[in-house]
Amino acid sequence: MTLPTHSAASVPSPSPSAPPAREGASLHGPVIAWYEANARDLPWRRPEAGAWGVMVSEFMLQQTPVARVLPVYEEWMRRWPRPADLAKEPSGEAVRAWGRLGYPRRALRLHGAAVAITERHGGDVPEHHAQLLALPGIGEYTAAAVASFAYGQRHAVLDTNVRRVLARAVSGEQFPPNATTAAERRLARSVLPEDEDTAARWAAASMELGALVCTAKGERCESCPLSDRCAWRLAGKPEHTGPPRRAQTYAGTDRQVRGKLLAVLREALEPVPQVTLDRVWHDPVQRARALDGLVADGLVEPLENGRYRLPGHRSFPPHQPR
DNA sequence: AACACGTGGCA
DNA sequence: TTGCCAAGTGT
């Protein structure tokens with residue numbers, strides 16, 4: 001596997017007089033050129049990361065900022081350089097090494113994906129979108145991202161950054177809809193470069209643009225390669241209308257209690273007695289519900305003696321075809 | 001379709 | 001301090 005090399009010479013540029021053959025043709029060139037000059041040097045973008053490195057990074061980056069992922073990613077790749085290395089560990093080790101990245105079910109699913117890769121794909125991250133999609137924790141976005149970033153394939157990689165870039169540059173809206181729509185997928189496919197290598201560069205470049213320039217708040221239009229043609233900017237940057245983007249509450253929720261319980265178990269080297277867990281939350285009803293949920297999710301293993309620990313053995317459910 | 005699911009930085 | 005936000009997935 002190789003990361004696409006950066007070469008502006010391979011970026012096709014439409015002739016000045018002819019109208020663009022397709023809607024996205026006027027987007028690729030500027031954005032890819034901008035990317036080649038401004039892309040961050042992230043470890044999972046280096047060739048030595050391999051498909052496994054790309055995949056690990058994608059799991060960690062789901063809803064989690066780059067800065068927080070970096071140190072954990074380095075530790076994981078040092079400890080588990082190949083899928084089989086992770087697969088032979090108990091799943092609880094993945095949860096423990098996940099640290100405070102949040103959404104620890106991702107760790108469990110990444111472990112489950114490593115097991116599946118070892119069993120079904122000979123230890124190599126599969127290259128086909130459908131094979132990736134069948135792995136636990138990999139949805140539409142991550143399957144496209146791994147296929148594109150790791151294997152240079154042509155896929156619409158529609159994450160929150162790209163959705164925002166397209167919403168603004170093409171649709172003239174400040175923000176995309178709350179949930180990804182069929183219209184967005186259609187738009188993303190319509191602006192996808194025909195050439196496979198160019199499509200892979202566009203995927204990485206448009207995502208980086210959304211992450212660094214076309215941000216949710218404090219967008220830096222003066223640094224944007226699309227500023228002269230951005231539909232939203234040309235319309236005077238109208239404020240978002242429509243349904244408010246649903247706020248995510250956290251304080252006092254089961255999620256917070258789960259987080260506190262799991263934090264105790266992550267730090268513990270030995271199984272933890274019930275009474276220790278009882279100290280993390282005042283409400284016994286909510287506390288019990290949170291603990292039951294963690295057990296049901298396979299994040300916590302109850303032992304015969306009334307103690308609890310991170311799962312000591314593989315506990316991910318068998319693969320269910322979608 | 002709407003929710004649940006962690007965590008911490010920043011304005 | 002509160003609210004928003006960060007490369008989503010599964011049910």
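This is a predicted model, so every value here is computed, not measured. By convention in this document, chain letters (A, B, ...) are assigned in the order of the sequence lines, proteins followed by strands, and residues within each chain are numbered from 1.
For dA6(C), the OP1/OP2 oxygens have a side-chain nitrogen or oxygen of Arg164(A) closer than 4.0 Å. Side-chain N/O atoms of Gln62(A) include none lying less than 4.0 angstrom from OP1 or OP2 on dA7(C). Contact between the side-chain N/O atoms of Arg105(A) and the OP1/OP2 oxygens of dT9(C) is not found at any separation under 4.0 Å. Phosphate proximity of dT9(C) to Thr142(A): present, with a side-chain N or O under 4.0 Å from OP1 or OP2.
The residues Glu173(A) and Arg168(A) are annotated as not salt-bridged, no charged nitrogen and carboxylate oxygen being separated by less than 4.0 angstrom. Salt bridge present: Asp278(A) and Arg287(A) bring a charged side-chain N and a carboxylate O closer than 4.0 Å.
Contact annotation for Ala145(A): no contact, since no heavy-atom pair falls under 4.0 Å across all strands. Arg100(A) comes within 4.0 angstrom of sugar-phosphate atoms only, judged by non-hydrogen atoms across all strands, and of no base. Val66(A) comes within 4.0 angstrom of a base, heavy atoms only. Using a 4.0 Å heavy-atom distance criterion, Ala211(A) is classed as a sugar-phosphate-only contact. Nucleic acid contact class of Leu262(A) (heavy atoms, under 4.0 Å, all strands): none. As judged by a 4.0 angstrom heavy-atom cut-off over every strand, Asp254(A) is placed among residues touching the sugar-phosphate backbone only. Across all strands, Tyr250(A) comes closer than 4.0 Å to base atoms (heavy-atom distances). Contact annotation for Leu158(A): no contact, since no heavy-atom pair falls under 4.0 Å across all strands. Looking at heavy-atom distances under 4.0 Å, Arg258(A) makes contact with sugar-phosphate atoms alone, never a base.
In this structure, Asp159(A) atom CG and dA7(C) atom C1' are separated by 5 Å, rounded to whole Å. In this structure, the CG atom of Leu294(A) is 16 Å from the P atom of dA4(B), given to the nearest Å. At whole-Å resolution of the value, CG in Asn178(A) and P in dG8(C) are 14 Å apart. With rounding to whole Å, Leu101(A) atom CG is found 10 Å from dG8(B) atom P. Distance, Leu70(A) CG to dG9(B) P: 14 Å, rounded to whole Å. We find that CZ of Phe175(A) is positioned 11 Å from P of dC4(C), with the value rounded to whole Å. At whole-Å resolution of the value, CH2 in Trp281(A) and P in dG6(B) are 14 Å apart. A straight line from CG of Leu110(A) to P of dG8(C) spans 16 Å, rounded to a whole angstrom.
Of the candidates dC5(C), dG8(C), dT7(B), dG8(C) carries the atom nearest the Thr160(A) side chain, counting heavy atoms from C-beta on. Comparing dG8(C), dG8(B), dC5(C) by their nearest atom to the side chain of Gln63(A) picks out dG8(C). Side-chain atoms of Arg266(A) lie closest to dT7(B) of the nucleotides dA7(C), dT7(B), dG6(B). In this structure, of dG10(C), dC5(C), dA7(C), it is dG10(C) that holds the atom nearest to the side chain of Arg109(A). Set against dC4(C), dG6(B), dA7(C), the side chain of Met207(A) has dA7(C) as its closest nucleotide.
The 5' end of DNA chain B is approached more closely, in terms of each residue's nearest nucleotide, by Ala179(A) than by the other of Arg68(A) and Ala179(A).
Remark: the Arg106(A) side chain and the dT9(C) base include no donor-acceptor N/O pair separated by less than 3.5 Å. In terms of polar N and O atoms assigned as donor or acceptor, the side chain of Thr64(A) comes within less than 3.5 Å of the base of dG6(B) in a complementary pairing.
Crowding of Glu270(A) atom CD: a count of heavy atoms from other residues, nucleotides or ligands under 6.0 Å not exceeding 12. A 6.0 Å sphere centred on CD of Glu239(A) holds no more than 12 heavy atoms belonging to other residues, nucleotides or ligands.
Minimum heavy-atom separation, Pro104(A) to Leu262(A): CG-CD2, 3.3 Å.
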Trp80(A)/Trp52(A) under ring pair (Phe, Tyr, Trp, His ring centres under 6.0 Å): CA gap, chis, key distance, verdict
CA-CA 10 Å; Trp80(A) 301 307; Trp52(A) 174 239; 8.9 Å; no

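Across the P atoms, dA7(C) and dC3(B) are found 23 Å apart, a figure rounded to whole Å.
For the residue pair Asp254(A)/Gln286(A), the side-chain donor-acceptor check at 3.5 Å is satisfied.
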